[in-house]
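Heads up, the thing below is written out as structure tokens.
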Amino acid sequence: STSSLFAQKVPAPNYDESKIPEFKLPDPFVRVDGTKVSPRKWHEERREEIMEIFGKEMYGIAPPGPKVLESELINQDENALNGKAVREEVDITLANGEPPLKMRMLIYRPKGEKNVPVFLTLNFGGNHSINADPAITLNKNWMRNRSDRGYVDHKATERTRGTAASRWPVEMIVDRGYALATIYYGDIDPDFDDGFQNGVHPHYYAKGQKKPRPDEWGSIAAWAWGLSRGLDYFETTKDIDAERVAVMGHSRLGKTSLWAGANDERFALVISNNSGCGGAALNRRRIGESVTRINTSFPHWFCDNFLKYNHNEDALPVDQHLLVASIAPRPVYIASAVEDTWADPKGEFLSAKYADPVYRALGTDGLGGEAPPEEQPEVDQPLKTGTIGYHVRSGKHDVTDFDWTQYLDFADLHLKNK
Ligand code: GTR
């Protein structure tokens, strides 16, 4: 069976720090050919190279977006959340064709305000899962089967409304003067391995092409590409300030927000919540989820070139601290949960720490203070005064009000008074 095959190929995960093999991380200021980079020329001399490697070897390169973005207001309520918010849904065309491919964005924004900053996020269970409001369209696309939550035969049912609400404190966000915009990630690409025949990929194949080349976009890159189309939409409306978009995501969607934020420099702030392997966690630590494991369980998330690094992490010319560094000097927040050992909380902290010198070279204060802290902060003690934010929260793999409170404080610092 498939599971015994996995058992043979993928060793049991390591959770023991003392068993992590010795490794050397790629230096942010040394190019692949060994030449030193002057910190002032980080962008041209090093960031470009790093982004090309992440693109071709890991996430896969995405095509440019549509030249003209089409969007359509589907519904609107001027008195949502007991009158304090406008709620609306907007269809955004990702690709023309018969039929065209569209994603539906749900927006809550403070009523009576223009040009507000926004948190842009993807969701796992459909827009209707983030709030019980019966006016939100029930998404009919393919969904992961979670029968305990009312997902049946890969479809959402009425029972799934509001089932993810604990992760989406919409009122708190609106009360603090921000909009929340969210899209079901499966509108862009359904999250299963079908050889890229559904979702956005086939719409962008060259003539005769049947699947992405080894260096072309996997699903994470496609979801990130969709987030950029969300930002394109904000550029067409006065309700939301396209220059103050915080891209936020949890877990596989945290991997996605990091890749989206690194790629698309229009994102003003980037938030990774429990993103783990392929997100903020360092690949070379090989603790919890490994490269081999993730490529085996989710072969569609990354491009095929990434398979070269199974059991071979040291050959990867980058590691995840360089992805964080590629967001510099824009603010980035990385959040871990202490019980989320699968995602390697310490490895998530270390990429923030090893990205810090790049943030400082670019004239920011990195993690804050004179120098980055040696050790991972204590549980529930956020570092949020610098340009890199970090916390490890008590509890498990999840998004909580504690997480959102830190993100809102961080956004106040960096976006609110701009
Ligand atoms: C797990 C996966 C993680 C993380 C998580 C999620 O199964 O191993 O990398 O992405 O799913 O997205 O919830």
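In listed order, ligands and their atoms are each counted from 1. Source: prediction; values computed, not measured.
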Polar atom proximity, Trp301 to ligand 1 (N or O, under 3.5 Å):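 Such a contact does not occur with ligand 1.
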Do NZ/NE/NH1/NH2 and the carboxylate oxygens of Arg252 and Asp191 come within less than 4.0 Å?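 Counted as a salt bridge, because a side-chain N and a carboxylate O are separated by less than 4.0 Å.
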Structural part of [X] in contact with ligand 1, heavy atom criterion under 4.0 angstrom:
X      : result
Glu289 : side chain
His250 : neither
Arg293 : neither

How far is atom 11 (O) of ligand 1 from the closest protein heavy atom, and which atom is that?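 Going atom by atom, the protein heavy atom closest to atom 11 (O) of ligand 1 ends up being Arg252 NH2, 2.9 Å.
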Pair Asp380-Ser394, side-chain donor/acceptor within less than 3.5 Å: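 Result is yes, a qualifying pair exists.
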Parallel, tilted or perpendicular: which one describes the rings of Trp168 and Trp404, with boundaries at 30° and 60°?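 The rings of Trp168 and Trp404 sit tilted, inter-plane angle from 30° to 60°.
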Lys255 neighbourhood, listing ligand 1 atoms whose heavy-atom distance to it stays under 4.0 Å: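 Close to Lys255: 3 (C), 4 (C), 9 (O), 10 (O).
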For ligand 1, which atoms sit closer than 4.0 Å to a heavy atom of Phe298?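 Counting atoms of ligand 1 from 1, those under 4.0 Å from Phe298 are 2 (C), 7 (O), 8 (O).
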What heavy-atom pair brings Tyr15 and Gly288 nearest, and what distance separates the two atoms?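 For Tyr15 and Gly288, the tightest heavy-atom pair comes out as CE2-CA, 3.7 Å.
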Dump the intermediate steps for side chain to side chain contact (heavy atoms under 4.5 Å, CB included) on Asn75 and Thr137, then the final yes or no. CA-CA 9 Å; Asn75 56 51; Thr137 326; 3.9 Å; yes
